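Working notes for the structure below.
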2 protein chains.
Amino acid sequence: MNLKELSQTLGLSQTTVSRALNGYPEVNAETRERVELAARQHNYRPNTRAKSLATGRAMTIGHVIPMATKHEMVNPIFADFIAGASTAYHARGYEMLISMVSDSDESQTYRNLKSRGSVDGVIVHAPKMNDARLDLLNEIGLPYAVHGRATGHTAPYCWLDVNNRSAFHRATEFLIDLGHRRIALLNGFEIMDFAVRRRRGYEDGLRGRGIEVDPNLMRSDEMTEGFGYKSALDMLQGENAPTAFLVSSMLSAIGVRRAIEELNLVLGQDVSVITHDDALSYFQNGEDVPIFTATRSSVRVAGEQLANMLLDRINNPLSAPEQRLFEAELMVGRSTGPAPDRAN
Amino acid sequence: MNLKELSQTLGLSQTTVSRALNGYPEVNAETRERVELAARQHNYRPNTRAKSLATGRAMTIGHVIPMATKHEMVNPIFADFIAGASTAYHARGYEMLISMVSDSDESQTYRNLKSRGSVDGVIVHAPKMNDARLDLLNEIGLPYAVHGRATGHTAPYCWLDVNNRSAFHRATEFLIDLGHRRIALLNGFEIMDFAVRRRRGYEDGLRGRGIEVDPNLMRSDEMTEGFGYKSALDMLQGENAPTAFLVSSMLSAIGVRRAIEELNLVLGQDVSVITHDDALSYFQNGEDVPIFTATRSSVRVAGEQLANMLLDRINNPLSAPEQRLFEAELMVGRSTGPAPDRAN
DNA sequence: ATTCGGATTCAAAGCGCTTTGGATGCCGCA
DNA sequence: TGCGGCATCCAAAGCGCTTTGAATCCGAAT
């Protein structure tokens with residue numbers, strides 16, 4: 001059933017029916033009820049394509065998810081972020097279009113989305129330092145909101161981020177307070193903006209307490225379980241082994257734990273671990289007491305809020321772009337304890 | 001730049017330009033080149049909305065992802081499945097629309113997608129026994145393909161599944177061959193079709209070797225880390241503890257390992273574990289030797305193939321619906337070994 | 001020279017909706 | 001009685017594309 005048929009059934013013009021259904025005032029209350037009833041009875045729903053052709057609004061938001069060309073790996077936080085965003089779209093009548101694309105094709109994808117009129121705006125995932133995508137989006141005039149920040153981008157833009165620097169700063173100090181002096185950092189790729197900020201927080205934390213930063217204790221790679229495992233195994237067996245690890249993802253932290261156990265050490269006694277925890281729905285950090293002491297911030301909540309920020313921006317393009325900074329919680333779990341040998 | 005403007009620039013009619021770009025034969029080779037060149041220069045791309053309004057094809061596939069209302073948990077395999085499907089869509093000029101919706105709203109979502117003309121077909125995720133969604137989709141005439149199977153649905157439909165029964169059968173026999181007699185099953189919710197099949201494989205495996213099925217050794221719940229941990233802790237501390245676990249997901253298997261280690265037992269010696277491994281990109285089961293012995297089947301490959309099957313079906317509705325059954329590989333890793341006490 | 005058919009091209013209708021710019025009818029008021 | 005104004009409704013244009021049906025041109029066949 002389309003609008004034409006529905007209006008014929010009712011003996012009204014398409015104009016009136018359309019207006020009745022879209023809540024315009026210039027239609028008799030009685031008529032409106034009649035229309036709404038008929039629409040419900042006939043299960044009428046306006047055709048999205050036609051509607052958006054007529055209005056010029058796609059009522060759709062695009063998510064361009066970069067896949068590391070190397071491993072074709074999808075960021076594990078993606079599903080939860082999307083789930084959060086989805087809630088917002090659903091509530092506001094928007095749909096969600098997803099393009100997963102190896103990072104080399106990304107700019108083509110944005111251009112396509114814009115010129116084909118498929119979306120009204122996009123969420124930018126995984127921003128890098130001096131991210132070229134933002135310039136592109138400005139150039140082609142596609143509204144966007146960034147999950148994270150892109151250091152180096154000067155013009156104000158809409159973003160939502162976790163205070164990564166402060167989170168890792170606090171985590172570092174927490175470990176130092178427990179007597180740790182040799183603290184390793186297992187970080188994500190340091191082209192990623194968040195990874196740079198985390199490192200800065202870590203370094204500031206050390207230096208603030210007069211501890212020298214040791215490059216041997218810092219690794220940066222794709223945040224897999226294997227990365228955590230191998231790095232930890234390696235470092236723990238080497239000379240001047242760390243007594244604590246600061247890890248950028250739960251997944252890698254699980255790898256670290258595997259290494260610790262393989263070496264017959266005890267987590268939280270011989271070796272302490274703090275991880276960042278995105279509070280993924282399928283990857284809870286324990287139920288009552290957290291498995292890992294963690295800097296925690298829900299990526300799902302981030303998704304929902306950022307989606308709303310983008311929609312606000314689209315519906316009100318002249319307002320200043322909103323920005324939002326989450327502070328991560330430092331949750332104490334069972335993976336941290338006093339440094340084993342204070343004399344160290 | 002739209003078609004009208006482009007055709008004016010070229011001094012041609014819209015018809016000719018449209019045909020030139022869409023590869024119709026009735027256009028002069030020279031003209032076509034001229035058109036293609038101009039289109040490239042002006043960065044012209046047809047408006048999707050207008051195109052699909054005119055053709056009646058949305059060139060979009062919907063994925064309706066159910067979220068367990070209880071925990072709002074998203075199935076962790078989702079991202080990789082989507083990544084695979086995305087490859088197929090990309091290659092064939094389709095886009096991907098995602099709706100994440102708590103399972104109570106699902107049928108409304110399908111109805112919407114259909115009557116608003118947003119998609120040409122959908123992928124059905126996480127089929128249950130006697131899944132009502134398939135009847136609904138048949139009724140409203142929306143093409144679909146199922147990831148998994150829905151036991152009880154009689155009419156033939158398009159699906160792709162892993163041979164869960166045989167995988168768990170083989171895994172069970174593998175453990176029995178190692179001398180295990182008390183083998184626990186940590187399964188997903190048994191409303192889910194795959195979970196029922198896995199249980200059947202497990203039970204058949206036991207009975208085939210004359211081992212009685214013990215309900216105390218079977219649990220079924222949401223496949224989280226915590227579920228694995230708690231179940232294993234519980235069972236290992238109880239009387240008649242199992243010597244081996246058959247687990248439905250890597251995540252839960254990690255929980256099982258945590259329990260094992262907390263009890264100062266050794267994985268692969270005191271307790272054996274086999275898990276199903278969906279070969280998730282961000283969750284590799286070790287690099288050289290697998291951490292866990294596993295029944296393995298790539299959910300990403302499944303996504304790509306099923307997407308292609310759906311597109312084939314849409315473009316050729318009269319052909320018989322295709323079906324595809326993957327056999328899982330049984331990969332031997334470091335989590336299995338002979339039963340500790342053969343006298344048991 | 002005339003006709004025919006193939007190769008090209010075009011004008012216009014149509015996809016299902018919104019929205020502009022009137023119509024129409026009715027009431028109150030001068 | 002006549003007119004302005006309000007409430008209500010409608011016809012038609014337009015969004016950007018595809019596609020039908022027809023026009024045009026030109027060389028080959030009659």
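Keep in mind it's a predicted model, so treat the numbers as computed, not measured. Residue numbers start from 1 in every chain, and the chains themselves are labelled A, B, ... in the order their sequence lines are given, proteins ahead of strands.
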>> Can you tell me if Y24(A) touches the phosphate of dT19(C), counting only side-chain N or O atoms and a distance under 4.0 Å to OP1 or OP2?
In response: yes

> For the side chain of S18(A) and the base of dT19(C), is some donor closer than 3.5 Å to an acceptor across the two?
Replying inline: no

> Would E322(A) and R324(A) pass as an ion pair if we require N to O under 4.0 Å?
Replying inline: yes

> Is the shortest distance from a Lys or Arg side-chain nitrogen in R149(A) or D161(A) to a carboxylate oxygen in the other one below 4.0 Å?
Replying inline: yes

> Looking only at side-chain N and O atoms, does N47(B) come under 4.0 Å of OP1 or OP2 in dC17(D)?
Replying inline: no

>> Please compare A50(B) and S13(B) by the position of their nearest nucleotide in DNA chain C and report the one closer to 5'.
In response: S13(B)

> Of all the choices, dC15(D), dT20(C), dG21(D), which nucleotide is nearest to the side chain of R19(B) once you look at every atom?
Replying inline: dG21(D)

>> From C-beta outward on L53(A), which listed nucleotide comes closest to its side chain: dG14(C), dT8(C), dC15(D)?
In response: dC15(D)

> Any salt bridge between R111(A) and E139(A), counting N to O under 4.0 Å?
Replying inline: yes

> Which nucleotide in the set dT9(C), dA11(D), dT8(D) lies at the smallest distance from any side-chain heavy atom of V27(B)?
Replying inline: dT9(C)

> Which one, dT18(C), dC9(D), dC17(D), comes nearest to the side chain of N28(A)?
Replying inline: dC9(D)

>> Over all strands shown, is T31(A) touching base, sugar-phosphate only, or nothing at heavy-atom distances under 4.0 angstrom?
In response: sugar-phosphate

> Less than 4.0 Å between a side-chain N and a carboxylate O, is that true for R313(A) and D120(A)?
Replying inline: no

> T16(A) has a side chain; which of dC17(D), dC10(D), dT8(D) sits nearest to it?
Replying inline: dC10(D)

> So, does the side chain of T55(B) form a donor-acceptor pair with the base of dT19(D) at under 3.5 Å?
Replying inline: no

>> What's the closest nucleotide to the side chain of P46(B) if the choices are dT8(D), dC17(D), dT20(D)?
In response: dC17(D)

>> Below the 4.0 Å mark, does dG16(D) have OP1 or OP2 next to a side-chain nitrogen or oxygen of K51(B)?
In response: no

